[in-house]
Trainee: 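Dumping the structure here so I can ask a few things about it.
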Amino acid sequence: MGKWLQAFLFIAFASSIASERNPRTERISGSAGDVLEDDPVGRLKVYVYELPSKYNKKILQKDPRCLSHMFAAEIYMHRFLLSSPVRTLNPEEADWFYTPIYATCDLTPTGLPLPFKSPRMVRSAIQLISSSWPYWNRTEGADHFFVVPHDFGPCFHYQEEKAIKRGILPILQRATLVQTFGQRNHVCLKDGSITIPPYAPPQKMQARKIPLNTPRSIFVYFRGLFYDVNNDPEGGYYARGARAAVWENFKNNPLFDISTEHPTTYYEDMQRAVFCLCPLGWAPWSPRLVEAVVFGCIPVIIADDIVLPFADAIPWEEIGVFVAEEDVHKLDTTLTSIPPEVILRKQRLLANPSMKRAMLFPQPALPGDAFHQILNGLARKLPHQKSIYLKPGEKILNWTAGPVGDLKPW
């Protein structure tokens, strides 16, 4: 234990020296940095369908909590596009078509999105646009994109087993999906999807910034559930046991500041920490990843096969630490063995403002933010291949496929 504490004290000391004497930021090298700073304006045009308010605004009026929960990207993307210079009012010149539906804004009293109505809402909206405009039928959605920030994206369920059983909504199979969920070789992530960060409130985080030269006196920080006794009473299923392993192995380790309590100083504490744990929960992603990047705390990613947001623009291997779920019990030795110079470089990269902007959905939008990274992803898919356009009378999608419950009217 003495060696670990000695290593930590050296890192904290080095961090404070670096913040005073060295450049605080480091530009991302190579193509990743260029991609991160791309400007999508002028490279694509998006047509926004005007849907009845029951698909978006009325849902939000019914439950304003949707504006601040981690699934809110679907709302803010809609608002952004309405005033974005990439929007076109002429669908004939559009490269992409966007259907503004708030499919996760149907919450339980505890704030969880109900998984039952979302597929019906999506089906209803697609039936409307396919019968009211000619553009869906030309490609059966291959030039359309949908924002699906549910736990398991277009599988619309918070439990992985049930999400896998449902699968991606069949009528979304040709569309481009913009989703928070990302895991390699998973039925809920199809090729060509754009993985995005979850929503975290930019103004709230900005208001809680502390001085840059504040020493990072916490080695490892985490606040959240280790067991979900309500939904996984027997244990072992939630987070595939990874969070439970963190607690059982390190609850008494002085290098680990971990708890289920969520203090009022949560944001400030992250800014005082060297490493912030970002383990999977029900899904592999969480807002902790956004918070860690914004607050310059090195994210320790514990989620096997995760596909991270904007991976072509953000060098996750350089700014984060990846720990396999089966190696959680070795977290202490893994983190204390990282050389201080490696830690300092990760901190300098995290201090780059462009890195932080790319993880946020600010109001109003800013150059290089998550909105623009989504547009960059869409622009890089252009021009569309001629093969996406169907022959007259040709049909590919099966509108009657899927669970019986999803076929009910919405």
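These figures come from a predicted structure and were not determined experimentally.
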Trainee: Working note: T88 + N90, criterion side-chain hydrogen bond (donor to acceptor under 3.5 Å, both in side chains); need CA distance, chi angles, decisive distance, verdict.
Mentor: CA-CA 5 Å; T88 178; N90 179 6; 5.6 Å; no
Trainee: Side chains of F156 and V148: does their closest heavy-atom pair fall under 4.5 Å?
Mentor: yes
Trainee: If you count heavy atoms of other groups shown closer than 6.0 angstrom to NZ of K209, is the number above 12?
Mentor: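 Yes, the 6.0 Å shell around NZ holds more than 12 heavy atoms from other groups.
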Trainee: How about H78 and Y102: are their ring centroids closer than 6.0 Å?
Mentor: yes
Trainee: List the atom of D312, the atom of R380, and the distance in Å for their closest heavy-atom pair.
Mentor: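 Heavy atoms of D312 and R380 come nearest at OD2-NH2, 2.7 Å.
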Trainee: Side chains of D191 and S193: do they bring a donor and an acceptor to under 3.5 Å?
Mentor: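 No.
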Trainee: Taking all non-hydrogen atoms of both residues, which atom of K251 and which atom of E248 are closest, and how far apart?
Mentor: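 Scanning both residues, the minimum pair turns out to be NZ-OE1, 3.6 Å.
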Trainee: Which word best sums up how the rings of F361 and F371 line up, parallel for under 30°, tilted for 30 to 60°, or perpendicular for over 60°?
Mentor: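 The arrangement is perpendicular - the two ring planes meet at more than 60°.
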Trainee: If you draw a 6.0 Å radius around CD in E161, do more than 12 non-hydrogen atoms from other residues or ligands fall strictly inside?
Mentor: no
Trainee: What heavy-atom pair brings P284 and A303 nearest, and what distance separates the two atoms?
Mentor: O-CB, 3.8 Å
Trainee: Applying side chain to side chain contact (heavy atoms under 4.5 Å, CB included), run through Y238 and N231 and close with a yes or a no.
Mentor: CA-CA 8 Å; Y238 176 63; N231 296 297; over 6 Å; no
Trainee: Side chain of Q373, backbone of G368: donor and acceptor closer than 3.5 Å?
Mentor: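 Yes; judged by distance alone, with no hydrogens or angles, the pair exists.
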Trainee: Which heavy-atom pair separates L189 from G182 by the least distance, and what is that distance?
Mentor: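 Heavy atoms of L189 and G182 come nearest at CD2-CA, 4.1 Å.
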Trainee: Assess whether side-chain hydrogen bond (donor to acceptor under 3.5 Å, both in side chains) is satisfied between Y266 and E291, documenting all intermediate values.
Mentor: CA-CA 10 Å; Y266 174 69; E291 295 160 348; 2.7 Å; yes
Trainee: Can you name the closest pair of heavy atoms from V86 and P40 and give their distance?
Mentor: CG1-O, 4.5 Å
Trainee: Without swapping roles, check the side chain of R166 against the backbone of D406 for a donor-acceptor pair under 3.5 Å.
Mentor: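 Between the backbone of D406 and the side chain of R166 there is no qualifying donor-acceptor contact (under 3.5 Å).
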Trainee: Taking the side chain from H262 and the backbone from R223, do they hold a donor-acceptor pair closer than 3.5 Å?
Mentor: no
Trainee: Do I302 and R243 have side chains that get closer than 4.5 Å, going by heavy atoms?
Mentor: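 No, side chains not in contact.
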Trainee: Please collect all ring pair (Phe, Tyr, Trp, His ring centres under 6.0 Å) contacts where either partner lies in residues 290-316, sequence neighbours excluded, each pair once.
Mentor: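 Listed once each, the pairs are Y267-F295.
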Trainee: Check whether any side-chain heavy atom of D38 lies under 4.5 Å from a side-chain heavy atom of R43, and answer yes or no.
Mentor: yes
Trainee: Can Y199 and Y76 be said to form a ring pair (Phe, Tyr, Trp, His ring centres under 6.0 Å), step by step?
Mentor: CA-CA 9 Å; Y199 177 78; Y76 292 108; 4.8 Å; yes
Trainee: Could you grab the distance from atom CG of L350 to atom CD of Q347, nearest 0.5 Å is fine?
Mentor: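 Going from CG on L350 over to CD on Q347, the span is 7.5 Å.
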Trainee: Please find the pair of heavy atoms, one from A200 and one from M205, that lie closest to each other, and give the distance.
Mentor: CB-CE, 3.7 Å
Trainee: Less than 4.5 Å apart, side chain to side chain, heavy atoms only: is that true for M70 and S286?
Mentor: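 Of all side-chain heavy-atom pairs linking S286 with M70, none is under 4.5 Å.
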Trainee: Nearest 0.5 angstrom please: E160 CD to I164 CD1, how far?
Mentor: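 Going from CD on E160 over to CD1 on I164, the span is 4.5 Å.
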Trainee: Begin with the C-alpha distance, continue with both residues' side-chain angles, and end with the deciding distance and a verdict on side chain to side chain contact (heavy atoms under 4.5 Å, CB included) for R120 and K408.
Mentor: CA-CA 7 Å; R120 301 176 198 170; K408 294 180 179 179; 4.1 Å; yes
Trainee: Distance-only check: which donor-acceptor pairs under 3.5 Å involve side-chain atoms of residues 122-131, not counting sequence neighbours?
Mentor:
{"unit_1": "R123", "atom_1": "NH1", "unit_2": "W399", "atom_2": "O", "d": "2.8"}
{"unit_1": "R123", "atom_1": "NH2", "unit_2": "W399", "atom_2": "O", "d": "3.1"}
{"unit_1": "S124", "atom_1": "OG", "unit_2": "Y55", "atom_2": "OH", "d": "2.5"}
{"unit_1": "S130", "atom_1": "OG", "unit_2": "I126", "atom_2": "O", "d": "2.9"}
{"unit_1": "S130", "atom_1": "OG", "unit_2": "Q127", "atom_2": "O", "d": "3.0"}
{"unit_1": "S131", "atom_1": "OG", "unit_2": "Q127", "atom_2": "O", "d": "2.9"}
{"unit_1": "S131", "atom_1": "OG", "unit_2": "L128", "atom_2": "O", "d": "3.1"}

Trainee: Could you check whether any side-chain heavy atom of H157 comes within less than 4.5 Å of a side-chain heavy atom of H150, counting everything from C-beta outward?
Mentor: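 No, every pair of side-chain atoms sits at 4.5 Å or beyond.
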Trainee: Is there a donor-acceptor pair under 3.5 Å between the side chain of Q206 and the backbone N or O of Q203?
Mentor: no
Trainee: Answer yes or no: are there more than 12 heavy-atom neighbours, outside K381 itself, under 6.0 Å from its atom NZ?
Mentor: yes
Trainee: Does atom CD of E326 have more than 12 heavy-atom neighbours from other groups under 6.0 Å away?
Mentor: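 Open: at most 12 neighbouring heavy atoms sit under 6.0 Å from CD of E326.
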Trainee: So how far is it from I196 CD1 to L177 CG, rounded to the nearest 0.5 Å?
Mentor: 11.0 Å
Trainee: A side-chain contact here means heavy atoms from C-beta on lying under 4.5 Å apart; do I298 and I319 qualify?
Mentor: no
Trainee: Can you confirm whether E50 is buried at CD, in the sense that more than 12 heavy atoms of other residues, nucleotides or ligands lie under 6.0 Å from that atom?
Mentor: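 Open: at most 12 neighbouring heavy atoms sit under 6.0 Å from CD of E50.
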Trainee: Please determine whether side-chain hydrogen bond (donor to acceptor under 3.5 Å, both in side chains) holds for the pair Y221 and D257, giving the CA-CA distance in whole Å, both sets of side-chain angles, and the decisive distance to 0.1 Å.
Mentor: CA-CA 5 Å; Y221 188 75; D257 188 344; 5.9 Å; no
Trainee: Give the C-alpha distance, both sets of side-chain angles, the deciding distance and a yes or no for salt bridge (charged side-chain N to carboxylate O under 4.0 Å, His left out) between E318 and K346.
Mentor: CA-CA 6 Å; E318 295 184 49; K346 290 179 185 294; over 6 Å; no
Trainee: For F219 and F256, I'd like to know if the aromatic rings sit close, meaning centre-to-centre distance below 6.0 Å.
Mentor: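 No, the ring centres sit 6.0 Å or more apart.
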Trainee: If you round to the nearest 0.5 Å, how far is OG1 of T336 from CG of D332?
Mentor: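 The distance works out to 6.0 Å.
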Trainee: When you compare the side chain of V220 with that of F250, does any pair of heavy atoms fall below 4.5 Å?
Mentor: no
Trainee: Quick one: are the ring centres of W285 and F181 less than 6.0 Å apart?
Mentor: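 Ring centres of F181 and W285 not closer than 6.0 Å.
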Trainee: Go through the steps to decide whether I343 and F275 satisfy the test side chain to side chain contact (heavy atoms under 4.5 Å, CB included), and finish with yes or no.
Mentor: CA-CA 9 Å; I343 290 175; F275 296 104; 3.8 Å; yes
Trainee: Can you confirm whether the side chains of D232 and W282 place a donor and an acceptor under 3.5 Å from each other?
Mentor: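 Judged by distance alone, the side chains do not pair up.
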Trainee: Are D143 and R138 close enough for a salt bridge, meaning some N to O gap below 4.0 Å?
Mentor: yes
Trainee: Using the rule ring pair (Phe, Tyr, Trp, His ring centres under 6.0 Å), only one of W136, W133, Y135 pairs with Y49; which is it?
Mentor: W133
Trainee: Apply ring pair (Phe, Tyr, Trp, His ring centres under 6.0 Å) to residues Y98 and F145 and explain how you reach the verdict.
Mentor: CA-CA 6 Å; Y98 167 66; F145 71 92; 5.2 Å; yes
Trainee: Are there over 12 heavy-atom neighbours, none belonging to K57, within less than 6.0 Å of that residue's NZ?
Mentor: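 Open: at most 12 neighbouring heavy atoms sit under 6.0 Å from NZ of K57.
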Trainee: What distance separates T139 OG1 from Q385 CD, expressed to the nearest 0.5 Å?
Mentor: 13.5 Å
Trainee: How far does CG of N56 sit from CE of M121, to the nearest 0.5 angstrom?
Mentor: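 Output value for this atom pair is 9.5 Å.
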Trainee: Are Y47 and W96 close enough that their ring centres sit under 6.0 Å apart?
Mentor: no
Trainee: Among I314, I301, T195, exactly one meets side-chain contact (heavy atoms from CB on, under 4.5 Å) together with L308. Which residue is that?
Mentor: I301
Trainee: Any side-chain heavy atom of Q179 within less than 4.5 Å of one from P149?
Mentor: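 Sidechains of P149 and Q179: no contact.
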